[in-house]
Protein chains: 2
Amino acid sequence: MFSADQIADIQGFNKVYQNLMKQIDSAILKTGYTLTEKDVLLEISKTERCTANILIQQLSIDRSYMSRMIAKFEKHGLIEKTQSQTDNRIRYIRLTQLGQKEINRLSDVQSNHIGNVFNKLSEEDQQTVWQAMVLIRNKLSDANDVITIRPFTQSDIEYVISRHKTLYYAERHLSGTFSGYVDEIVYRFVENFNPESDILKILECNGVPAGSIAIAKVNSETAQLRFFMLEPEMRQRGYGNRLMDMALDFCREKGYKKVFLLTITAQVVARHVYETHGFYKVSSNDKSEWGDGVVEERWEIML
Amino acid sequence: MFSADQIADIQGFNKVYQNLMKQIDSAILKTGYTLTEKDVLLEISKTERCTANILIQQLSIDRSYMSRMIAKFEKHGLIEKTQSQTDNRIRYIRLTQLGQKEINRLSDVQSNHIGNVFNKLSEEDQQTVWQAMVLIRNKLSDANDVITIRPFTQSDIEYVISRHKTLYYAERHLSGTFSGYVDEIVYRFVENFNPESDILKILECNGVPAGSIAIAKVNSETAQLRFFMLEPEMRQRGYGNRLMDMALDFCREKGYKKVFLLTITAQVVARHVYETHGFYKVSSNDKSEWGDGVVEERWEIML
DNA sequence: TAAAAATAGTTGACGCAGTCCATTATATTA
DNA sequence: TAATATAATGGACTGCGTCAACTATTTTTA
């Protein structure tokens, strides 16, 4: 158990960290958006085929409040609404160019502030603090989160797959011709999905999707591993390995002899997972049309 | 510099920790008080000779808002106001018994929640997380806080000295006959204060008092070290040692041959500072009237 | 020593984030 | 075909927190 001194330390940590948060928050407020509005905008940018209802569920915000916020965004030209072809109740929300610009501004404010705080530290301290944060996050999350891995449902497809696009690529500042490419391969994968030869699993944290992995048949002997993704807060906690184990088990079960995957050089953390599971790099391929110096790599494993 | 993965990790940490905070906050809100009200009540309980203005400055809250809050507290019987004898503009705020009860309830909610989160961890993990928190707090604070050590002013006396009482003793669950004793020695010290033979320094963090140390002349050869105190978030960052260095330097300068201090056994962190500066324990003294199993110790150093 | 400026506190008016409830329109289910 | 669920909107309201004006007292200064 904790001593009185240690409890005081923890409350001291809370105080200091809350103070930091407050600074970031007030910087955001100066941009003219509320914190809730910021969250909503960021969520819109992360969500393909976004609807008001998805936002309501994802962020636990009141329906009417959301309705008014969206109306305001539309009025200010940040978003556009398009009627769904299949369900007339639904109006899809899409960011305009101006909206994207505003979001960039907002996330810049946020990350610049974090950057400023960390830049005051020495290179060494930066790494130490980062490690400490990862440690705390992992320990505290493990103790409180409810984690499940489940098969995908129709509702996951548009939402989580688009997330994959955001996290796996946008984090690495890829752009341009790339976005359309991902759309295409994702929808093609789902269209051709066959439960006998393919797999698409969702890692769920407290009821919210937080990661994914997929296996796609190429031929009777070969499968491709795809859409391997983890939300930042789920990383380095063993969930990546669990998803990978599950996927490779499926491949062995179905009699695949070889599994390959395509990734890019910068994807450091994921690479670690690939290596520990026995994948090895077989080739590199320049993909500078996706971004400066991006190199696509092909990794394989023999089962 | 940070990699994209590391920045994502930090934002993941923010997300997880903010979530934890939100839980604590909503637990507080269920008690029927706003978060601001909770802060105000806690500040009142920590501040001897508390006035509305002190609260306004300390918590950066609007005058009118504070006025209404205090009126509400008074109406609900949590506090009592008494007119100052020396300045008719000032009304002192004092907690009633009911008020103290409510504060205990509030801080119990807070620390129970923290306790619950940590109790889900193994003993070992608890220590690891605690260490990580201390580390982050220290590194981030050092980079952002403006620290000064300055002589005391009249306005510090009532405020900071009462803080000493709270932190140094209340944290350790001392009670009863003790409170009056501290009041007495503090006011006696200030009354007899002589800048030639005594010292009382305030450690200030971002303009807010966050620690103190004092030297009181006993006779021409002997001085007593008193009121050595640090706010929890300032501990383990070397400020304790800096205060101590300064105090002992003063003693050497003034020609004292011996410095002693009285402390209690549970004061683990402070003891470490005493030891590293060359103090040694000379006697123990049962003080169970201050609390269960409390033992007062006398430490000395020869200069 | 009288006027000006600062300090402590109160009161009125109000903005605005966020909530609750009712309503419309469409889709799904029984 | 009626009953129920879902998507979204609009009206009314609560209440935290802010701004500004005002009283009363003390301190400064000219």
Side-chain angles (χ1 to χ4, degrees), chain A residues 22 25-26 28-44 47 49-76 79-94 106 153-155 158-159, chain B residues 22 25-26 28-41 43-44 47 49-76 79-94 153-155 158-159:
Chain A
K22 260 190 203 165
D25 287 350
S26 76
I28 293 284
L29 289 174
K30 274 181 200 145
T31 62
Y33 295 98
T34 29
L35 300 176
T36 320
E37 284 172 342
K38 176 213 71 182
D39 289 343
V40 171
L41 281 172
L42 282 175
E43 199 68 23
I44 292 175
T47 309
R49 310 274 159 110
C50 182
T51 68
N53 225 39
I54 288 176
L55 295 171
I56 288 164
Q57 286 164 17
Q58 202 66 21
L59 300 170
S60 310
I61 291 178
D62 180 85
R63 306 186 140 272
S64 56
Y65 188 23
M66 181 62 73
S67 176
R68 270 182 268 265
M69 246 186 283
I70 288 171
K72 186 179 160 194
F73 292 156
E74 198 182 12
K75 191 180 155 199
H76 288 138
I79 57 166
E80 282 169 347
K81 286 199 274 190
T82 55
Q83 188 76 39
S84 161
Q85 299 302 313
T86 54
D87 187 332
N88 280 319
R89 294 171 305 183
I90 295 173
R91 252 139 285 184
Y92 286 116
I93 297 164
R94 233 196 28 228
L106 283 168
T153 69
Q154 203 61 28
S155 68
E158 296 188 340
Y159 176 72
Chain B
K22 262 190 199 165
D25 287 350
S26 76
I28 294 282
L29 289 174
K30 276 183 199 142
T31 63
Y33 295 99
T34 2
L35 299 176
T36 320
E37 283 172 343
K38 176 212 73 182
D39 289 342
V40 172
L41 281 172
E43 199 68 21
I44 293 174
T47 311
R49 309 272 162 112
C50 182
T51 69
N53 226 38
I54 289 177
L55 295 172
I56 288 164
Q57 285 164 18
Q58 202 65 21
L59 300 171
S60 309
I61 290 177
D62 180 84
R63 307 184 140 270
S64 57
Y65 188 22
M66 181 63 73
S67 175
R68 271 182 266 268
M69 247 187 285
I70 288 171
K72 186 179 160 193
F73 291 155
E74 196 180 16
K75 193 181 153 199
H76 287 69
I79 58 166
E80 283 169 347
K81 287 199 275 190
T82 56
Q83 189 75 40
S84 160
Q85 300 301 312
T86 54
D87 187 335
N88 280 320
R89 293 171 304 182
I90 295 173
R91 252 139 284 185
Y92 287 116
I93 295 165
R94 233 197 25 230
T153 69
Q154 203 61 25
S155 66
E158 297 187 340
Y159 176 73

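A note on names: the letters A, B, ... follow the listed sequences, proteins ahead of strands, and every chain is numbered from 1.
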Review point. Which of these nucleotides, D:dT18, C:dG18, C:dG9, is closest to any side-chain atom of B:D62?
Key: D:dT18
Revision key, fill the gap. Of the listed D:dC19, C:dT11, D:dT26, the closest approach to the B:S67 side chain comes from C:dT11
Exercise for review: Mind calculating the distance between CD1 (A:I70) and P (D:dG10) to the nearest angstrom?
Suggested key: 12 Å
Check your understanding: How many Å lie between CG on A:D39 and P on C:dA17, as a whole number?
Key -> 14 Å
Practice item. Using whole Å, report how far CG of B:L29 lies from C1' of C:dT19. Key: 14 Å
Practice item. Could you tell me the separation between the SG atom of B:C50 and the CZ atom of B:R94, rounded to the nearest 0.5 Å? Key: 12.0 Å
**Study point:** Heavy-atom donor-acceptor pair, B:R68 side-chain to C:dG9 base, under 3.5 Å
**Key:** no
Exercise for review: Supply the atom-to-atom distance B:E43 CD to B:L59 CG, rounded to the nearest 0.5 angstrom.
Suggested key: 4.5 Å
Point to revise | Interatomic distance where CD belongs to A:Q83 and P belongs to D:dA8 [whole Å] | key: 9 Å
**Study point:** Out of D:dT26, D:dC16, D:dA8, whichever nucleotide has its closest atom nearest the side chain of B:T34
**Key:** D:dC16
Practice item. With side-chain hydrogen bond (donor to acceptor under 3.5 Å, both in side chains) as the test, would you mind laying out the steps for B:T51 and B:N53 before giving the verdict? Key: CA-CA 5 Å; B:T51 69; B:N53 226 38; 5.9 Å; no
Check your understanding: Would you say the side chain of A:R91 and the base of D:dT9 hold a donor-acceptor pair, judged only by whether the two atoms sit under 3.5 Å apart?
Key -> no
Exercise for review: Please confirm whether any donor atom in the side chain of A:S64 sits under 3.5 Å from an acceptor in the base of C:dC20, or the reverse.
Suggested key: yes
Review point. Would you say the base of C:dG9 and the side-chain of B:R89 have a donor-acceptor pair closer than 3.5 Å?
Key: no
**Study point:** Side chain proximity check, A:L35 to A:I28, heavy atoms < 4.5 angstrom
**Key:** yes
Study note, to complete from the structure: 5'-most contact on DNA chain D (nearest-nucleotide basis), B:E37 vs A:T51, goes to A:T51
Point to revise | Minimum-distance nucleotide to B:Q57 side chain [options: C:dA17, C:dA8, D:dT25] | key: C:dA8
Review point. Expressed in angstrom and rounded to an integer, what is the separation of A:L55 atom CG from D:dT9 atom P?
Key: 12 Å
Check your understanding: Would you say B:N88 reaches D:dA24's phosphate, i.e. side-chain N/O to OP1/OP2 under 4.0 Å?
Key -> no
Check your understanding: Can you tell me if the side-chain N/O atoms of A:N53 get under 4.0 Å from OP1 or OP2 in D:dT6?
Key -> no
Review point. Between C:dC21, C:dG18, D:dA8, which nucleotide has the shortest distance from any of its atoms to the side chain of A:I90?
Key: D:dA8
Study note, to complete from the structure: Note: for A:R63 and A:L35 on DNA chain C, the residue whose nearest nucleotide lies more 5' is A:L35
Check your understanding: About how many Å separate CD1 of A:I70 and CG of A:L55, when rounded to the nearest 0.5 Å?
Key -> 5.5 Å
Point to revise | Between D:dC19 (C1') and B:I61 (CD1): distance, integer Å | key: 16 Å
Check your understanding: Is the distance from OP1 or OP2 of D:dG15 to the nearest side-chain N or O of B:K72 less than 4.0 Å?
Key -> no
Point to revise | Rounded distance in Å - OH (B:Y92) to P (C:dA8) | key: 11 Å
Point to revise | Atom pair distance, as rounded to whole Å: CE in B:M66 and P in D:dA20 | key: 20 Å
Study note, to complete from the structure: The reported gap from CD1 in B:I90 to CD in B:Q85 (rounded to nearest 0.5 angstrom) is 11.5 Å
